[in-house]
Each structure stands twice: as C-alpha cells, then as structure tokens.
Participant: 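I am attaching a structure below and will ask some questions about it afterwards.
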Amino acid sequence: MAVIYSEEEIRQLIAQLYASDANAGYAALKQLEMMSEEGAAVSLYLDEFFSMLNHKNSYVRNRGLVLIAANAKWDSAQMIDAKLEHFLDHLHDEKPITARQCVKLLPLLVKDKPELTLKITAALRQAQPMAYSANMQKLIAEDIKQSLALIENTDDYKR
C-alpha cells in the first residue's frame with residue numbers, strides 16, 4: 001500500500017532544504033529522497049529543485065541535484081530532459097564538492113532516463129577536473145572515471 005504525502009508536508013520539507021542548520025537540511029533531504037522512492041508526489045516539485053541549482057549556498061545546490069536525480073523515474077513531462085544542461089553546468093560548479101555530487105548522480109539519471117546517455121557521457125568526458133585545486137583534481141577525475149564505467153556497463157550498476 002502506497003503512502004500518501006500531503007502537499008503541505010512536502011512543502012515544509014522543501015522549505016527545510018534551505019535551512020542554515022545543515023542537520024535540518026540534510027534530514028529534510030533524506031526524508032524527501034525516501035518519499036521519492038515510494039511514489040511520484042515529490043516529483044511535482046522538480047521546478048523548485050532546478051531553481052535550487054542557482055542558490056548561492058552549495059549545500060542547497062547539492063540538495064537540488066540529489067532530488068532531481070531521485071525523481072528522474074517520475075519525470076514523464078521530460079522536464080529533466082529539457083533542463084539537462086542546467087544540471088550538467090554543475091560539473092563545473094565553483095565548489096568541487098558540488099561538482100563531485102553532480103558527477104556521482106549522473107549514472108542514476110542515465111538509469112532512469114537512458115535517452116540522455118549520449119549527452120551525459122559527452123559532458124563527463126568534457127569535464128575539466130584540472131580547474132580545481134590539486135587535492136581535488138584526482139578525486140574528481142576518479143569520480144568521472146567511475147561514473148562513466150557505471151554508465152557504460154549498466155549491468156554492473158546497482159542502485
């Protein structure tokens with residue numbers, strides 16, 4: 001039996017995504033991710049999640065990326081397809097942690113939206129880890145390598 005979430009409940013959790021308290025924002029993210037697994041109710045807010053990608057706070061941008069990817073399976077209106085470039089812009093985010101988050105979420109997008117595979121793999125191959133500090137370059141390059149491997153060997157990809 002599917003759990004039904006109210007619009008008010010979802011909106012309150014989304015508001016918490018912007019909280020200055022990182023723990024509250026993270027808790028709301030985890031709750032919305034769980035709700036996204038159970039049904040399409042949270043996907044009605046994809047527009048909001050895309051607007052989060054413009055936020056000055058990288059934690060908020062990260063949460064937006066995660067929730068877009070978590071709701072890709074419910075995106076029957078192809079909003080993600082239409083706004084993919086905005087998502088992919090974060091491969092070059094000013095914050096390396098956000099770039100890493102973006103890279104790591106791309107196999108999930110491909111899993112739920114295989115029609116985006118070519119655009120996503122091309123963007124991964126064009127990503128520039130050298131734009132980041134030396135200590136992050138190797139990590140981002142390894143993330144890219146792993147994401148490409150997951151995408152190219154989809155039989156190996158387990159959620």
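Residue numbers count from 1 along this sequence.
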Participant: So how far is it from Ser43 OG to Ile68 CD1, rounded to the nearest 0.5 Å?
Facilitator: 12.0 Å

Participant: I need the Met34 CE to Leu13 CG distance, nearest 0.5 Å.
Facilitator: 9.0 Å

Participant: Got Asp21 and Gln16 here, is their nearest side-chain heavy-atom distance under 4.5 Å?
Facilitator: no

Participant: Atom CG in Leu32, atom CG in Asn71: separation rounded to 0.5 Å?
Facilitator: 8.5 Å

Participant: Could you check His90 against Asn62 for side-chain hydrogen bond (donor to acceptor under 3.5 Å, both in side chains), going step by step and ending with a plain yes or no?
Facilitator: CA-CA 9 Å; His90 295 280; Asn62 288 350; over 6 Å; no

Participant: Working to the nearest 0.5 Å, report the span between CG of Leu67 and CG of Leu17.
Facilitator: 6.0 Å

Participant: Taking a hydrophobic cluster as the set of Ile, Leu, Val, Met, Phe, Trp and Tyr residues connected by side-chain heavy atoms closer than 4.5 Å, whether directly or through intermediates, do Trp74 and Leu65 fall within one such cluster?
Facilitator: no

Participant: Pairs in or reaching into residues 33-53: which pass ring pair (Phe, Tyr, Trp, His ring centres under 6.0 Å), with residues at least two apart or in two chains?
Facilitator: none

Participant: Mind listing the closest non-hydrogen atom pair of Ala41 and Ile10 along with its distance?
Facilitator: CB-CD1, 3.7 Å

Participant: Atom CG in Leu139, atom CZ in Arg100: separation rounded to 0.5 Å?
Facilitator: 4.5 Å

Participant: What are the two closest non-hydrogen atoms of Ser36 and Ala70, and how far apart are they?
Facilitator: CB-O, 3.9 Å

Participant: Hydrophobic clustering (ILVMFWY, side-chain heavy atoms < 4.5 Å, transitive) - are Tyr59 and Leu105 grouped together?
Facilitator: no

Participant: Assess the residue pair Ile151 and Leu124 against the criterion (side-chain contact (heavy atoms from CB on, under 4.5 Å)); give the C-alpha distance rounded to whole Å, side-chain angles, the decisive distance to 0.1 Å, and a yes or no.
Facilitator: CA-CA 11 Å; Ile151 291 167; Leu124 279 168; 3.8 Å; yes

Participant: So Ile120 and Leu84, side-chain contact (heavy atoms from CB on, under 4.5 Å) or not? Walk me through it.
Facilitator: CA-CA 9 Å; Ile120 288 172; Leu84 180 64; 4.2 Å; yes

Participant: Who passes ring-ring contact (aromatic ring centres under 6.0 Å, His included) against His55, sequence neighbours left out?
Facilitator: Tyr18

Participant: Please walk me through it: do Asp112 and Asp75 pass side-chain contact (heavy atoms from CB on, under 4.5 Å)?
Facilitator: CA-CA 9 Å; Asp112 292 326; Asp75 181 29; over 6 Å; no

Participant: Can you list the steps and then say if Glu142 with Gln146 is a side-chain contact (heavy atoms from CB on, under 4.5 Å)?
Facilitator: CA-CA 6 Å; Glu142 186 59 32; Gln146 289 176 2; 3.3 Å; yes

Participant: Among all residues two or more places apart in sequence or in another chain, which pass the side chain to side chain contact (heavy atoms under 4.5 Å, CB included) test with Ser133?
Facilitator: Asn135, Met136

Participant: Whether Glu48 and Arg11 form a salt bridge (side-chain N of Lys/Arg under 4.0 Å from carboxylate O of Asp/Glu) is what I want to check.
Facilitator: no

Participant: Taking all heavy atoms of Ala69 and all of Leu109, pick out the closest pair and write down the distance.
Facilitator: CA-CD2, 3.9 Å

Participant: Without swapping roles, check the side chain of Gln137 against the backbone of Tyr132 for a donor-acceptor pair under 3.5 Å.
Facilitator: yes

Participant: Mind checking salt bridge (charged side-chain N to carboxylate O under 4.0 Å, His left out) for Glu8 and listing every partner two or more places apart, or none if nothing turns up?
Facilitator: none

Participant: Quick one: list whatever passes salt bridge (charged side-chain N to carboxylate O under 4.0 Å, His left out) with Lys83, sequence neighbours left out.
Facilitator: Asp47

Participant: Return the set of residues passing side chain to side chain contact (heavy atoms under 4.5 Å, CB included) with Lys95 (not counting sequence neighbours), or none when no residue passes.
Facilitator: Ser58, Arg61, Asp93, Thr98

Participant: Got a donor-acceptor contact below 3.5 angstrom from the Thr117 side chain to the Pro114 backbone?
Facilitator: yes

Participant: Could you give the distance from NZ (Lys113) to NZ (Lys119), rounded to the nearest 0.5 Å?
Facilitator: 11.0 Å

Participant: Verify, without hydrogens or angle tests, whether Gln78 (side chain) and Ser76 (backbone) share a donor-acceptor contact under 3.5 angstrom.
Facilitator: yes

